[in-house]
Protein chains: 2
Amino acid sequence: MENQGQGPHARVLESLGPAITSGEHPPGSVLRTEELEQRFEVSRTVIREVIRVLESMHLVASRRRVGVTVLPAEEWNVYDPRVIRWRLAGSDRPRQLRSLTVLRLAVEPVAAGLAARQATPAQCAELTEHALGMVATSRGGQLEAYLGHDVAFHRTVLRASGNEMFARLGDVVEAVLTGRTRHQVMFADPDPAAVTLHVRVAEAVREHDAARAEELTRRIATGAMAELDILAP
Amino acid sequence: MENQGQGPHARVLESLGPAITSGEHPPGSVLRTEELEQRFEVSRTVIREVIRVLESMHLVASRRRVGVTVLPAEEWNVYDPRVIRWRLAGSDRPRQLRSLTVLRLAVEPVAAGLAARQATPAQCAELTEHALGMVATSRGGQLEAYLGHDVAFHRTVLRASGNEMFARLGDVVEAVLTGRTRHQVMFADPDPAAVTLHVRVAEAVREHDAARAEELTRRIATGAMAELDILAP
DNA sequence: ACGGCAATTAAGTATGACGTTTAAGTCACA
DNA sequence: TGTGACTTAAACGTCATACTTAATTGCCGT
């Protein structure tokens with residue numbers, strides 16, 4: 001186990017959490033506190049606090065006289081950034097990436113439309129900067145730099161929408177984009193069409209053309225969706 | 001304090017959480033565990049576990065030698081059902097309702113489109129049943145019964161979309177609809193146009209007409225949005 | 001078979017002691 | 001006077017242990 005960063009709490013959490021989301025502890029199985037104490041060689045305090053956190057993510061439910069029960073996946077707080085991270089690291093990564101991309105497909109176009117109406121000049125400038133950054137790094141295997149601009153671009157759109165719920169999905173987008181770059185198409189340069197679309201979205205937002213920003217963003221997301229289906233149909 | 005359901009842990013959590021989301025403890029302010037022990041008359045154990053949960057919601061961050069710091073609102077896990085509930089109960093309810101309704105506006109039409117493609121016959125029947133239930137209870141102040149059908153209808157659409165991220169937004173929709181009924185228009189009967197739209201969505205899904213289901217659902221959500229703006233512009 | 005009572009089990013809470021981190025204060029020295 | 005290293009102490013973090021509470025199991029008697 002390479003899990004020894006920070007303290008016992010984080011170590012146990014980052015070990016137990018993924019173990020649950022990956023199905024290593026299937027729904028319905030029970031974990032007793034004492035057993036976990038021994039397994040991780042920590043005190044009850046730590047185990048109990050970890051359990052409380054997992055409980056708050058609806059990964060487990062603790063009941064007296066029975067133990068800590070793993071809940072079915074439908075109950076999980078799938079919007080918790082940690083749950084997302086754990087699932088993306090696990091075996092059902094493809095399925096998870098698909099779910100998240102569909103979510104993007106729903107949210108980002110609407111967010112772009114809102115951004116076109118109310119983005120500040122500073123945010124418009126930021127958008128343009130990152131779009132151009134994507135253009136500049138789209139060739140020659142500068143994938144990490146490209147990824148940085150891509151993530152920043154989408155984060156800015158979500159933030160500029162002025163909706164806090166959208167803004168908090170920045171982490172989700174980052175997880176999706178990072179996952180895609182790191183694990184699937186690390187070899188290939190980005191699709192030039194997608195790069196162009198980003199530039200045009202930045203333009204549309206700057207010109208307060210909500211309908212166009214929405215439509216163009218929908219095309220970006222649709223492209224991302226298609227890409228997934230091509231890679232793992 | 002009427003907060004005494006279940007145990008000390010829940011009691012303290014349900015008291016401290018809202019106190020934070022309502023701004024009673026503004027971002028940047030610090031809470032020391034010892035102080036909290038006395039304030040709630042419970043042991044360190046309980047306080048520490050509550051803090052860990054609040055920390056997992058990104059409401060607070062605990063640091064040695066300084067205490068538990070309240071984080072700025074941008075950091076909060078606004079998708080956590082409890083955070084949503086606490087904020088809806090607090091003073092920025094209108095703002096929160098608006099955010100959530102915009103989220104619905106983005107997600108539900110797409111979910112309805114997906115549902116039209118892959119809803120099971122059982123789910124179609126469920127949709128029809130609840131749509132008709134809405135019709136039957138839409139007049140004569142049967143608001144509670146109507147609300148139940150409305151929530152169930154939207155939950156079914158989200159579930160039938162086959163996307164786990166969408167499915168988990170059922171709680172959000174319930175919170176929004178409940179909030180609207182209970183606190184804003186409790187007196188008035190539902191808008192007949194909205195009722196009709198629900199029936200037509202059920203039809204479209206049953207006939208696998210994705211585009212129509214999407215468009216009709218968009219109209220429902222737009223109507224909900226307009227209603228909000230009318231009531232608190 | 002059934003219903004109630006008791007025993008058992010595992011989580012929940014309380015408390016004291018100690019370790020660890022780190023902000024902040026202090027003192028010496030240039 | 002200012003800077004740097006050193007010391008201190010405040011608050012969280014962890015451990016160990018005793019005790020409390022609730023729920024399941026199962027026994028027993030009817």
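Chain identifiers are assigned alphabetically (A, B, ...) following the order of the sequence lines, protein sequences preceding nucleic acid strands; residue numbering begins at 1 within each chain. Computed over heavy atoms, backbone and side chain alike; hydrogens, waters and symmetry mates excluded.
- Rounded to whole Å, the distance from CD on Glu34(A) to P on dC15(D) is 16 Å.
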Review point. Taking protein heavy atoms under 4.0 Å as touching, what does nucleotides 22-28 of chain D look like 5' to 3' if B marks base contact, S marks sugar-phosphate-only contact and - marks none?
Key: SBBS---
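- Taking every nucleotide of DNA chain C with any atom under 4.0 Å from a non-hydrogen atom of chain A, the first and last of them, 5' to 3', are dT8(C) to dT13(C).
- The nearest whole Å value for the distance from the CZ atom in Arg44(B) to the C1' atom in dC15(D) is 11 Å.
- Counting non-hydrogen atoms under 4.0 angstrom, Ile47(B) reaches nothing in the nucleic acid.
- Here Thr45(B) lies in heavy-atom contact (under 4.0 Å) with a base.
- Applying the side-chain hydrogen bond (donor to acceptor under 3.5 Å, both in side chains) test to Thr128(A) and every residue at least two apart in sequence or in another chain returns Arg206(A).
- Legend: residues meeting salt bridge (charged side-chain N to carboxylate O under 4.0 Å, His left out) with Arg63(B), ordered by chain and number and at least two apart, are absent.
- Identified under the salt bridge (Lys or Arg N to Asp or Glu O under 4.0 Å) test for residues 119-138 of chain A, with sequence neighbours left out: Glu126(A)-Arg159(A).
- Taking Arg104(A) as the reference, Glu108(A) meet the salt bridge (charged side-chain N to carboxylate O under 4.0 Å, His left out) condition, with sequence neighbours excluded.
- Partners of Arg32(B) under the salt bridge (charged side-chain N to carboxylate O under 4.0 Å, His left out) rule, at least two apart in sequence or in another chain, are Glu35(B).
- The nearest whole Å value for the distance from the CZ atom in Arg48(B) to the P atom in dT14(D) is 6 Å.
- A sub-4.0 Å separation between OP1 or OP2 of dT14(D) and a side-chain N or O of Arg52(B) is present.
- In this structure, Ser43(A) and Leu31(B) both approach DNA chain D, and ranking their closest nucleotides by distance from the 5' end singles out Leu31(B).
- Applying the side-chain hydrogen bond (donor to acceptor under 3.5 Å, both in side chains) criterion to Asp80(B), with sequence neighbours excluded, gives no partner residue.
- Judged as a side-chain hydrogen bond (donor to acceptor under 3.5 Å, both in side chains), and not counting sequence neighbours, the contacts of Asp150(B) are His154(B), His198(B).
- In terms of the salt bridge (charged side-chain N to carboxylate O under 4.0 Å, His left out) criterion, Glu37(B) has no residue partners (sequence neighbours excluded).
- The residues Arg85(A) and Asp171(A) are annotated as not salt-bridged, no charged nitrogen and carboxylate oxygen being separated by less than 4.0 angstrom.
- Computed from coordinates, the Arg32(B) CZ to dC12(D) P distance equals 8 Å when rounded to whole Å.
- Looking at residues 53-62 of chain B, you'll see that no heavy atom sits under 4.0 Å from any atom of DNA chain C.
- Residue pairs satisfying the salt bridge (Lys or Arg N to Asp or Glu O under 4.0 Å) criterion with at least one member in residues 42-62 of chain A, sequence neighbours excluded, are listed as follows: Arg48(A)-Glu49(B), Glu49(A)-Arg48(B), Glu49(A)-Arg52(B), Arg52(A)-Glu55(A), Arg52(A)-Glu49(B).
- Closest non-hydrogen pair, Gly179(A) versus Arg93(A), comes out as O-NH2, 3.3 Å.
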